[in-house]
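Structure record follows, encoded as structure tokens.
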Amino acid sequence: MDASNKESALNVNASSIKISDVSQDGDMLTFAITSQNLSGSGGVCVFRTYEDFIWLQQSLFSQEDVPELQGVIFPPLPDKPLPSHSHTQAKVLKQLGFLSLGDKWQIYCKALELYLQQVAAHTLLSKNKELYNFLSSSESPGKQRSKKGIFNRLSQVMEEMRKEGHKDVDEFFQSERDKTTNLSVLFKVATEKFLEVVLTKQKLALACGHFSTSLHLCVNQENADAVAFSKICLKLSDIIETMKRNFEKVSDNDMSTLGLGLELESRYQEAKREMLFRRTCRLVELDNANKNVDRAKPNKKAHMEEVQKATQKEFNLISSVAKQEIVHYHRTRVQVLRDFLIDWCEKQLSTAQESSTLFSQYLEACKGLAV
Amino acid sequence: MDPPLPVSTSEPDKDIFSGPRAEPLNNPLSETAAEQLKAVSGASSKAKGDVPVEEAGSEEPDDLFSDPLGESGAELETHTSNAPLLDFSEEPPKSDPIKKAASADDYIKKPQKDIFEESTEDGVKAAAAHVGSVAAEKKVLHTDLFGDGVDDDEDKDDLFKTPPGAMMKKPQASLFRAEPDDIFPEAKTEAKPATKASAKQPNNAPTDLFTEEPFTVMPAARAAVKPAAIPSANTSSKTNGLHSDEEDLFAEATVELSLDSPRNDRRKRDAMKPSEPVPCPSTSTSSSKPQPKKLEELEEEEKEDKFDLNISVTNPEKVGDGMNAYMAYRVSTQTTLSMFRSKQLTVRRRFSDFLGLYEKLSEKHSPNGYIVPPAPEKSILGMTKVKVGKEDLSSDEFVERRRAALERYLQRVVSHPSLLQDPDVREFLEKEELPRAVSTQALSGAGFLKMINKATDAVSKMTIKMNESDVWFEEKLQEVESEDQQLRKLHGMVESLVNHRKELSVNTAVFAKSVAMLGSSEDNTALSRALSQLAEVEDRIEQLHQDQAANDFFIFAELLADYIRLLGAVRACFDQRMKAWQRWQDGQNMLQKKREAEAKLLWANKPEKLQQAKDEIGEWEGRVSQYERDFDRVSATVRKEVMRFEKEKTRDFKKQIIKYLQSLLHSEQQLIKYWEAFLPEAKAIA
């Protein structure tokens, strides 16, 4: 995304934002966030919890002085991590998908990192003072607004039922709305299916591990024939171990690249849908205002017209911002997906080459075994 | 040789015997007195075994022959008078020395066993020493026989077997005194290189023996006693080990000891049987010496067979309709072996024919201790699906699985040197039409289970009842047991691997579909194209996973399943050995009873019934020795078979692992191809 270049833009290099470490204390995950300012001179490291991220997101949502905010596709914040042991593996997996995988929340951190980078790179959102505080202040930001956020969401769901089907006045938005609904479902499904593939690979790695270990039990050094057989077993154990590592690598590749990419994309599709919905709400408001103007008694007509004009103006502003956002999003998402795909492909390629080299070495060694 | 021999059995011989006992037997063993005793008793009884041989050869009169009998009889009947001896001595007709030898041998066998069973009892020990001394004494006079034996026998490992052979050669030789001098130098020169070659080996007993030979007749006798003692001492594992060392000396000093000794043991056991009974020298020489050789030859042949005989089972075809339908398979044999009619044989066989073959082979060969490879199990469920004609994936899978199993089964059968020689096997591979195997219909998984159960029965019986005389079998059986457990565990692992792999294949297919849908809904042309390509890649990867699942299954799961079943067959052959042992023990008990009855008759002084009792004893003695030979033969076969099985197993696993690695390598190479093709597509996304 374009780095912010306006006056009060964030003095932080978006791509320098990294989550360098994560520590777990009971149920609480604390992320170490490092960033550099644009001149590249100074680096800052702050510690934030997931609550702080929610607070940041809420601050971004509720900038009252920025009317065009309604048309912005907010970078989606990953769901709450569930590090507690009270949650079963299955539940965590269901809620977080790919983000729950990997060692030490590695994938989750990557997702949070991407979120911060996207916020920091966003033309409008990066102007928010809270973002700067979030990234550089050693003080933990307040948490007073998190309740409102939850309320917002609930009322949103209620409205969604009524307004989702509202016919759009704009051809472009109507088709975007339809497509987004369709695509977001497809991406969700693809992500789920890919997750299953990765999980099966992990199971296979585990099964290989058991197999390899069990082969060690067949070792018997008592007589010459048994020794020969034991050698064969150990060789096979090594081979299966290599297979296991291969599966582990392949599934790591899957989750850190395409898995994360698909997950991010489906969250973004959701964010886009939310934005389109907010715009639709404005459209409904505008339509109501128009009706009110038509139906209004002469004495109130002037007032109604004023309201209608204001609404119209706001709606137009939102629509134009939304249009820009969508175009911008389409450009970046292709870029992001492309990067993930290339990364994935290259990683898989090198893993396959590694394994193939190992297997051919084993093959030679096995052929050479005197039996 | 001389009539005074019976007299000389008394005291001076003991000295003679004590000499050999103290030195050659002590040295190799260099262990506790108990073991010495075993060796001594073995030596003594074996020496006795040789006594009749020489007698037969020398055509000595009855009284001489009566002597060893007298001794053995005395021992048996707790040192009673010489009365029975005379009777015995009259029995063997002069004209047939060989038979004499045989019967004498039978008599001797008994005390020998007694010695082993009650080696802790002093009285018996004394008796053994006594008997041994007699034998030793005789040996002195007939050293030439043994010297000759050493000389004649090229193989050396059959040393103890050769006396009969030597005996045959010079039955009429009366100038024994002169001959030893000629023969011993020869023996010495031959023995020397061998002993030198083996100088590294800790057990130098043979060296001593042979170097002593030329000096006096006496040590030579010792030397002769010594190797002869060993086979009979087979029941004691210590002396067994000793013997195998010795055999190494003679046989293949260059070959690794650890590898060799078990096989030598086996050979020795083979060799021992024919040598002991000496029923007919012509058969003993032909079946004793050649037999171990034949085994070796066959073992080598079998290696060549791998290339000479290629069997494939192909083209499964449904014949008929409904519940009478069956699958017929084409069995193609390619061979260069001359025993087959032609180089290319093709027959059609149905599943029950394979079962029939197994039935026949198992009936013929398993009582002899052979490991008969089990045929694939009958699967009513699988076959019913095929019969009903459901052309679904699982029935295809079933047919392919069975085809492969039948192929492996036949390959195992023909790779067995003894089974390959079986006319039924040849008939199965050659004959156009086989008589419909009826009895096999019942043989199915259940039949096989029965076999397994029998084997497990045998295990419990064996541990409880069988006073295992050979540690090897005890340990081996335990190994087989634990291996069975391990293989079952591994099989479970591989099965879960296969299942996960199948799951992965299914999931990949679903993902591929999902990606294809994404591709078709995508607005961005380049991204849409890339996604569609990705869907194709994932489809191909799915096929790879599927293939690999099949490889996991056919290469490992089926291999392990086969070996679990084969281990069942291995246990069954241990069971057969146990049965042979049981028969022998029962026979011995019966003989004991007959002898007691005879003793009673003697006390009661009822000569009229005595003859009948003696006849019965004679008959039972024959049987017991037959049973013992059977047992030894089965034991030897089991030993050999288990060795073969283990070698084959290692070879089989290696082959499969190489195959598996090739499949893994192929998979990875395909993956590389796919990713290499996809990478530019991904990069082309603008």
Side-chain angles (χ1 to χ4, degrees), chain A residues 179 182-183 186-187 189-190 192-194 196-197 199-201 203-204 206-208 210-211 214-215 217-218 220 222-226 228-229 231-233 235-236 239-240 242-243 246 330 333-335 337-338 341-342 344-346 348-349 351-353 355-356 359-360 362-363 366-367 369 371, chain B residues 256 258-259 262 475 479 482-483 486-487 489-490 493-494 496-497 499-501 503-504 506-508 510-511 513-515 517-518 521-524 526-527 530 534 538 643 646-647 649-651 653-654 657-658 660-662 664-665 667-669 671-672 674-676 678-679 681-683 685-686:
Chain A
K179 269 191 280 181
N182 182 25
L183 262 185
L186 284 179
F187 265 99
V189 171
E192 274 167 24
K193 297 305 168 197
F194 194 57
E196 271 166 33
V197 170
L199 290 177
T200 315
K201 282 177 189 168
K203 274 193 235 165
L204 264 167
L206 211 62
C208 286
H210 289 320
F211 186 22
S214 300
L215 277 166
L217 300 176
C218 294
N220 176 347
E222 269 171 36
N223 64 56
D225 283 333
F229 185 65
K231 266 188 205 157
I232 293 273
C233 283
K235 199 45 114 191
L236 181 59
I239 292 163
I240 302 295
T242 308
M243 246 169 80
N246 183 44
H330 279 182
R333 75 179 268 271
V334 169
Q335 203 58 42
L337 280 176
R338 173 184 185 266
L341 274 175
I342 290 173
W344 182 54
C345 192
E346 278 169 347
Q348 299 292 53
L349 191 56
T351 306
Q353 276 160 346
S355 299
S356 134
F359 286 143
S360 63
Y362 278 126
L363 187 59
C366 273
K367 279 180 177 164
L369 268 188
V371 169
Chain B
E256 217 180 299
S258 57
L259 263 170
E475 285 175 357
E479 260 177 50
S482 71
E483 196 178 347
Q486 285 160 2
L487 289 190
K489 198 175 168 196
L490 287 185
M493 304 261 162
V494 175
S496 85
L497 194 66
N499 288 337
H500 285 316
R501 191 89 80 166
E503 191 186 322
L504 179 58
V506 170
N507 286 344
T508 308
V510 173
F511 175 61
K513 232 174 245 154
S514 169
V515 170
M517 279 171 73
L518 267 185
S521 316
E522 179 58 52
D523 272 349
N524 184 297
L527 184 59
L534 178 60
E538 287 294 323
M643 296 289 188
E646 286 183 344
K647 275 213 177 69
K649 181 181 70 180
T650 309
R651 219 177 291 152
F653 271 71
K654 182 192 166 185
I657 288 171
I658 287 176
Y660 190 65
L661 270 174
Q662 282 165 342
L664 285 179
L665 195 56
S667 281
E668 293 301 322
Q669 280 165 347
L671 272 180
I672 291 173
Y674 299 158
W675 291 127
E676 274 174 349
F678 180 68
L679 194 53
E681 293 289 339
K683 284 183 172 160
I685 302 170

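Chain identifiers are assigned alphabetically (A, B, ...) following the order of the sequence lines, protein sequences preceding nucleic acid strands; residue numbering begins at 1 within each chain. Everything quoted here is computed from the prediction, not taken from an experiment.
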Whether the side chain of B/R501 engages the backbone of A/L204 through a donor-acceptor N/O pair (distance < 3.5 Å, no angle test) should be reported. no
Atom group of A/L215 that falls short of 4.5 Å from chain B, counting heavy atoms: both
Quick one: what part of A/L337 sits under 4.5 Å from any heavy atom of chain B, side chain, backbone, both or neither? side chain
A/L369 backbone acceptor or donor facing B/K654 side chain under 3.5 Å: yes
Is chain B contacted by the side chain of A/I239, its backbone, both, or neither, given a heavy-atom distance below 4.5 Å? side chain
Using 4.0 Å as the upper bound for N to carboxylate O, is an ion pair formed by A/R333 and B/E522? yes
Side chain, backbone, both or neither: which part of B/D523 has an atom under 4.5 Å from a heavy atom of chain A? side chain
CA sep, side-chain torsions, deciding dist, call: B/Y660, A/M243, side chain to side chain contact (heavy atoms under 4.5 Å, CB included): CA-CA 12 Å; B/Y660 190 65; A/M243 246 169 80; 3.2 Å; yes
Positive for side-chain contact (heavy atoms from CB on, under 4.5 Å) with A/E196, one of B/T508, B/N507, B/V510: B/N507
Take B/E538 and A/K193 through the salt bridge (Lys or Arg N to Asp or Glu O under 4.0 Å) test and state the conclusion after the steps. CA-CA 12 Å; B/E538 287 294 323; A/K193 297 305 168 197; over 6 Å; no
State the CZ-CD distance between A/F359 and B/E668, to the nearest 0.5 angstrom. 5.5 Å
What's the verdict on side chain to side chain contact (heavy atoms under 4.5 Å, CB included) for A/I342 and B/L679, showing C-alpha distance, side-chain angles and the deciding distance? CA-CA 6 Å; A/I342 290 173; B/L679 194 53; 4.3 Å; yes
So which part of A/K179 gets closer than 4.5 Å to some heavy atom of chain B, the side chain, the backbone, both or neither? side chain
Side-chain contact, heavy-atom cut-off 4.5 Å: A/L183 with B/L518? yes
Side chain, backbone, both or neither: which part of A/C208 has a heavy atom under 4.5 Å from chain B? both
Kindly indicate, with the supporting measurements, whether the criterion side chain to side chain contact (heavy atoms under 4.5 Å, CB included) is fulfilled by A/Y362 and B/L665. CA-CA 10 Å; A/Y362 278 126; B/L665 195 56; over 6 Å; no
